[in-house]
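I have placed the structure first, in the form of structure tokens, so that the comments after it can refer back to it.
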Amino acid sequence: MVDRHAAPEPLPPAQLLAEKLLAGLERFLHIEAVSGILLLAAAATAFVWANSPFADAYHGFSHVPLSLGIGGFLFAQPLHFYVNDVLMTVFFLVAGLEIRRELHDGALSNLRLAALPLAAAAGGVAVPAAIYLAINPDAVLREGWAVPTATDIAFAVGVLALLGRSIPSSVRIFLLAIAIIDDIAAVIIIATFYSGGLDPSGLLIAGSGVLLVLGFQRIGVGAAFAYLVPGAILWFGLFRAGVHPTLAGVVLGLLTPVIPMKRRERPLDLAMKALERFKRNAQSRGHDRGADLAPLKDLRAAQRELLPPVVRVEAALHPWVAYGVMPLFALANAGVSLSGLELTSGSAQSVLIGVAAALVVGKPVGITLGSWLAVRLGWCHLPRGVTWRSVALVGCLGGIGFTMSIFIATLAFGSESLLAAAKSGVLIASVMAGVIGLILGRIEVGRARASQRSRDASARV
């Protein structure tokens with residue numbers, strides 16, 4: 001008989017040290033600013049590498065062919081394709097999950113809540129696009145109009161996190177809502193303006209993938225890994241149809257349920273029964289460890305269904321995207337060679353200036369103007385803790401385009417010189433917007449602290 005009251009044996013010092021290190025690492029990885037710093041480091045590494053004596057190795061590595069084959073089927077693409085078109089699908093899946101969650105019970109769940117971020121995001125898309133088009137009226141250069149319309153969530157929220165807890169949470173929620181709506185706009189833009197001629201057979205394949213996802217949900221398949229096959233079918237269908245295949249991630253995210261699947265028993269009851277069976281098994285004489293397999297299976301099922309799938313999948317994928325996919329994308333795409341940047345060309349200069357001006361100037365102007373119009377027309381009001389200075393701060397941080405802007409640039413320009421100019425404009429603007437946002441944020445934090453000290457002094461009197 002197992003003594004339930006026996007004191008647990010002390011853990012070895014090495015195990016205690018490992019547990020402390022892992023707990024510290026987990027806390028570190030959940031600091032939002034860290035992923036932004038890693039993204040910046042990856043971009044800086046790519047830029048330095050592309051302009052070093054080893055530049056040929058940088059460009060050669062991203063174009064190394066990688067082949068996947070089964071039987072007579074062979075799929076061969078450069079490594080750059082697998083980063084931009086395959087791994088970025090996971091990035092878009094997380095974006096789709098965030099959109100789905102916000103539409104269900106977040107800042108976009110009803111029109112009253114969504115009016116302010118919708119108006120702000122609309123201004124943040126329209127004004128930068130207008131500025132870019134005013135600077136680049138030429139037909140070829142106009143293709144890049146959507147480059148400065150996007151906001152990089154990781155970088156923008158990371159910069160905001162650097163300002164500390166003095167920034168109200170409502171400001172962070174406002175920034176997140178705008179960035180998510182920006183993502184929706186970017187998805188629509190990519191699907192509408194940057195996809196080739198549609199192949200009906202590909203759409204049929206993609207449709208079969210969607211039906212398979214819905215079928216799995218209908219019969220109660222809860223394991224996320226089961227959806228890899230229909231997800232792959234959807235991706236391949238969009239790829240064959242001429243639609244950018246990364247949009248498969250958004251579709252899967254929007255199809256993910258926001259409530260746990262129905263079960264015969266509530267997950268909490270199932271978990272408690274499984275633990276009771278473990279307890280009885282442990283107390284029985286001659287306990288057969290094989291008897292633990294059934295309650296272990298029930299415990300895993302209960303654990304899986306305690307959280308809605310949209311929350312569970314997003315939490316599982318977010319670290320991989322923040323610390324894997326996005327840094328790899330930055331490493332593969334931020335290597336702008338200065339020797340390949342032909343600023344003597346009027347077109348390249350125009351693209352660089354247009355992108356940079358649209359992000360640094362157009363984003364804050366558009367977001368602030370859109371917000372002001374929405375409040376002025378009576379559609380909404382500023383949330384508690386959000387001032388017009390906060391709106392201006394959010395607008396500046398919205399100018400950090402980076403990941404999505406670079407991604408759209410790769411779709412917009414086939415010319416290497418124009419693509420390099422667009423990427424350079426994004427990088428320059430993102431750094432400038434981040435610095436301006438930090439300065440404005442520090443000023444806002446200082447004002448908030450001074451105001452708090454004044455209130456405390458008045459209360460003591």
Side-chain angles (χ1 to χ4, degrees), residues 43 84 118-153 155-156 178-179 181-195 244 333-334 336 340-373 392 394-437:
N84 283 21
L118 276 171
V125 170
V127 174
I131 290 176
Y132 178 88
L133 289 172
I135 297 173
N136 296 281
D138 182 77
V140 175
L141 307 186
R142 282 204 305 265
E143 291 296 315
W145 68 270
V147 173
T149 61
T151 296
D152 189 290
I153 295 179
F155 260 144
I178 291 175
I181 296 168
D182 265 3
D183 281 348
I184 298 173
V187 168
I188 294 171
I189 288 169
I190 291 169
T192 307
F193 297 98
Y194 297 111
S195 294
H244 204 276
N333 291 276
V336 180
L341 186 60
E342 301 174 3
L343 290 182
T344 54
S345 164
S347 297
Q349 284 184 6
S350 184
V351 168
L352 189 152
I353 294 171
V355 169
L359 282 170
V360 176
V361 178
K363 272 292 185 179
V365 169
I367 288 173
T368 304
L369 181 60
S371 302
W372 182 83
L373 284 174
V394 168
C396 290
L397 295 179
I400 305 176
F402 204 75
T403 307
M404 190 67 82
S405 291
I406 290 178
F407 184 79
I408 294 175
T410 61
L411 303 178
F413 295 113
S415 165
E416 287 295 330
S417 63
L418 295 182
L419 177 58
K423 288 182 179 180
S424 299
V426 170
L427 295 175
I428 293 169
S430 296
V431 172
M432 290 178 64
V435 171
I436 294 170

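When every heavy atom of A121 is checked against every heavy atom of I181, the shortest pair comes out as CB-CG2, 3.5 Å. In terms of heavy-atom proximity, G437 sits nearest to L397 at CA-CD2, 3.9 Å. Shown here for P128 and K363, the closest heavy-atom pair between the two residues is CG-N, 3.7 Å. Nearest heavy-atom pair across T410 and K423 is CG2-CE, 4.1 Å. Smallest separation of non-hydrogen atoms from A150 and L359: O-CD2, 4.1 Å. Closest of all the heavy-atom pairs between V140 and F413 is O-CE2, 4.0 Å.
Note that CD1 of I400 is 7.5 Å distant from CG of D152, once rounded to the nearest 0.5 Å. Distance check, rounded to the nearest 0.5 Å: CG of L352 to CG of L418 gives 11.0 Å. Here I135 contributes atom CD1 and S350 contributes atom OG; the two are 7.0 Å apart, rounded to the nearest 0.5 Å. Taken to the nearest 0.5 Å, the CD1 atom of I189 stands 4.0 Å off from the CH2 atom of W145. For the atom pair CD (E143) and CZ (F193), the distance works out to 10.0 Å, reported to the nearest 0.5 Å.
Using a distance-only test at 3.5 Å, with no hydrogens or angles considered, a donor-acceptor pair links the side chain of T151 to the main chain of G398. Remark: side-chain polar atoms of S405 are paired, donor with acceptor, to backbone N or O of V147 under 3.5 angstrom.
Residues V351 and Y132 have side chains in contact (heavy-atom distance under 4.5 Å, counting atoms from C-beta outward). Considering only heavy atoms from C-beta on, R142 comes within 4.5 Å of L133 through its side chain.
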Just distance, no hydrogens or angles: give the donor-acceptor pairs under 3.5 Å from side chains in residues 426-433, sequence neighbours left out.
unit_1, atom_1, unit_2, atom_2, d
S430, OG, G401, N, 3.4
S430, OG, F402, N, 3.4
S430, OG, V426, O, 2.8

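Contacts of L373 classified as side chain to side chain contact (heavy atoms under 4.5 Å, CB included), with partners at least two apart in sequence or in another chain: L369.
Pairs engaging residues 129-138 under the salt bridge (Lys or Arg N to Asp or Glu O under 4.0 Å) rule: none recorded [sequence neighbours left out].
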